[in-house]
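Some notes on the structure that comes next.
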Number of protein chains: 2
Amino acid sequence: MKKPATIRDVAREAGVSVAVVSRVLNEGTGPVAPTTRAKVLEVIEDLGYRPRAAARELQQRTTSTIGLVVADLANPFFARLADRVVWEARARGVHVVVLTTQEDPHLEAESIATLIERSVASVIATPAGDNVDKWARLIDLGINVVFVDREIDQLEQIDVVTIRNDVSAEVATAHLIGLGHTRIGFISGPAATSTGRDRVAGFRRAMAAAGLSVDDELVHHIPFRGDNGSDSVGALLSMPEPPTALIVGNTAQVRSALRRIKQSEIHVPEDLSLVVFDDNPWTELVSPPLTVVRQPIEMLAVHSVDLAVGRAKGLLPEHRRRIEVDAEFVRRSSSAPARQSTPTT
Amino acid sequence: MKKPATIRDVAREAGVSVAVVSRVLNEGTGPVAPTTRAKVLEVIEDLGYRPRAAARELQQRTTSTIGLVVADLANPFFARLADRVVWEARARGVHVVVLTTQEDPHLEAESIATLIERSVASVIATPAGDNVDKWARLIDLGINVVFVDREIDQLEQIDVVTIRNDVSAEVATAHLIGLGHTRIGFISGPAATSTGRDRVAGFRRAMAAAGLSVDDELVHHIPFRGDNGSDSVGALLSMPEPPTALIVGNTAQVRSALRRIKQSEIHVPEDLSLVVFDDNPWTELVSPPLTVVRQPIEMLAVHSVDLAVGRAKGLLPEHRRRIEVDAEFVRRSSSAPARQSTPTT
DNA sequence: TCCCTAAGTGGTAACGGTTACACTTTTGTA
DNA sequence: TACAAAAGTGTAACCGTTACCACTTAGGGA
């Protein structure tokens, strides 16, 4: 349990000043004679010296750390996002502090405070929806914020990386309409979230384009957490005239919804065609394999980290960036032609 | 983009010295008059002051940050572990820097170096198996290390939190034996990892206890990464005398193995009984729902964080702790009696 | 009344880096 | 050969906290 060597130890041992050692450490900050450099590096190796991040940060008033704020790592979508973010960040030499909010605005506010204390350079977040002022304060302090997957309308100055939620939902809906379905249910995220709204918007647009009216009873906005997916499915299936197709656009509720369907007498896709948002490793392992909207998570992560790190280094144009990537529609076996569909005109 | 307030700003504004502000911040470090405290708190609120973590860390030579080193957040096991670790850590007021190694010793070594630079208080890790000296160096520097899920034999001084791998495998095996199976395959992790070894040990013990011999061809040690699960299943199923039951003890390869089984003509459980390690949210959604060994991930996380934080605060006994928790055997429908099993003597 | 103790407060040296600036030595060029 | 520019190095002042110590005041007991 020996205490670690400091830059002064290295300087003394190498017979130079701390300034020289610092210059060796941070290449490009000043000239160092080749022989001196070699000597210093040797001593560094000998002593097992590692510069202390805290000291550097204190002086530079910024960190090589970024914050990642997501709801919940137990959700595969966030987990895979986090995985890629950590990975991409490492490739750029920065570390990631992960904070989870459980979709709770209060915990989110706490996370923001923490990130300020840590004076992180940037934050990548999937905002819960509230805390407008808190997020604003963050950028007010010069901390770059990138929203990924979701966004907050009032914060127009913040970078956003997201999939084209409306188009994705539109494509999924059109697919079902093409199969002859006219009564289509849609389970979405909270109306307070951009994803929750945009997906429903796309859904309605596709329905309208096909000249179909939307029964508002078939559109459910439910929270990300809890077991509401099951309840929604239950409600939809027990309607006098239940839908023949269902889109689950609430990533976090797919499992819950699926469980309820399995428990019921309903057969997929004979009785009910199913399309769900987000492709998981297991969507093709269940029976039947699910037709999904696959979000290109790697792209979301890469762009987020690019923005977060790029802004931190100040090598991005001032104006706010809005990056939208396309989701991929993957047809599997959970969607099929509507039974005894009304003849196509 | 105003620069954040410092402790001196607060002191000036409140008409006191920085020492007093510091004492208000760190309750218990010295007396402060109630009225003074109130005044200081008010100014802190007004200015939106937050102490800078870097400055504090520099002074105290330690952090309220712990490192979490896992292979891969895309793996649900690690993702859920990370989720709970982050959660439990927050409850204790510490943050988590997450680093992923992709099971690559080189990346792991790099992660260790990073954690030294950050002078984290503790590290929770699922070691890949190499880097014995690197881990040793970490504890040499006074950084507490807790291994979770896996361990490294040569590092006996390090705290370990794990499930009883041997017993779990034994129970799973006994379950299949009880169903009349005698040719049982076992796909495990690398022999270089403790989990990979211990589970096979438990398997052999159960077989021996039942007076059954083990065909070594049926025991596969495969890496955590890649698609070897599929290959292993392929090899096992194409044997002249294939096993009638299979235990997949390699958490990361369950999906790959399952996919291969789905692609084949084999029916579960009629042709092949299946037990897999680790209960995922989707194990009960596939057909048939899988019989699993459920690892109590929350327990692993809670104990890990307890150790990591406890050691950091120096309120744990010196000697090394080894915490083993029981896994739960969950019988579902993927395991069934052996067809035309040899009459029970 | 005097002292002693405790409460309350302030001054300031660390902590371990980075960096502006001054200084000396080379090197290049007219 | 002279002189300017560039290369190489060292000194010391920060960065924002904490913690040690010294100091002042108030209160209580003899």
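Keep in mind it's a predicted model, so treat the numbers as computed, not measured.
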Protein-nucleotide distance (Ile116(B), atom CD1; dG16(C), atom P), rounded to Å: 16 Å
Would you classify Pro51(B) as touching base, sugar-phosphate or nothing, given that sugar-phosphate means primed atoms plus P, OP1 and OP2, and contacts are heavy atoms under 4.0 Å? sugar-phosphate
Students often get this wrong, so: under 4.0 angstrom with heavy atoms, is Ala33(B) touching a base, only sugar-phosphate, or nothing? sugar-phosphate
Side chain of Thr36(B) only, heavy atoms from C-beta on: which candidate in dT18(C), dC15(C), dT9(C) is closest? dT9(C)
In whole angstrom, what separates Ile7(A)'s CD1 from dG10(D)'s P? 12 Å
Do NZ/NE/NH1/NH2 and the carboxylate oxygens of Asp83(B) and Arg80(B) come within less than 4.0 Å? no
Measuring to OP1 and OP2 of dC15(D), would you say a side-chain N or O of Thr6(B) lies under 4.0 angstrom away? no
When you measure from the side chain of Ser22(A) to the backbone of Val18(A), do you find a donor-acceptor pair of N or O atoms at a distance under 3.5 Å? no
Atom CZ of Arg52(B) and atom C1' of dC15(C) are separated, to the nearest Å, by 14 Å
Nearest whole Å is fine: how far is dC15(D) P from Arg118(A) CZ? 21 Å
Taking the side chain of Tyr49(A) as heavy atoms from C-beta outward, which of dG17(C), dC15(D), dT18(D) is closest to it? dG17(C)
Give a yes or no answer on whether the side chain of Arg56(B) reaches the backbone of Thr62(B) with a donor-acceptor pair at less than 3.5 Å. no
Under 4.0 angstrom between Ser17(B) side-chain N/O and dG11(C) OP1 or OP2: no
Atom CD of Glu57(B) and atom P of dG17(C) are separated, to the nearest Å, by 14 Å
N-O pairing of Lys134(A) and Glu108(A) below 4.0 Å: no
Sidechain N-carboxylate O distance under 4.0 Å for Arg118(A), Glu57(B): yes
Ion pair check, Glu117(B) and Arg50(A), cut-off under 4.0 Å: yes
Using only side-chain N and O atoms of Arg56(A), determine if any of them is under 4.0 Å from OP1 or OP2 of dT18(C). yes
Just N and O in the side chain of Gln60(B): are any of them under 4.0 Å from OP1 or OP2 of dA19(D)? yes
Over how many whole Å does the gap from Lys3(A) atom NZ to dG16(C) atom C1' extend? 14 Å
Contact class for Val18(B) (heavy atom, under 4.0 Å): base, sugar-phosphate, or nothing? base
Are Arg8(A) and dG17(C) close enough that a side-chain N or O sits under 4.0 Å from OP1 or OP2? no
Toward the 5' end of DNA chain C, by each residue's nearest nucleotide, Gly30(B) or Leu58(B): Gly30(B)
Nucleotide of dC15(D), dG10(D), dG8(D) approaching Arg23(A) most closely (side-chain heavy atoms): dG10(D)
Would you mind reading off the distance between Asp9(B) atom CG and dG16(D) atom C1', rounded to a whole angstrom? 10 Å
From the candidates dG16(D), dT18(C), dG10(D), the one with an atom nearest any side-chain atom of Gln59(B) is dG16(D)
How long is the line joining CG of Leu47(B) and C1' of dG16(D), in whole Å? 15 Å
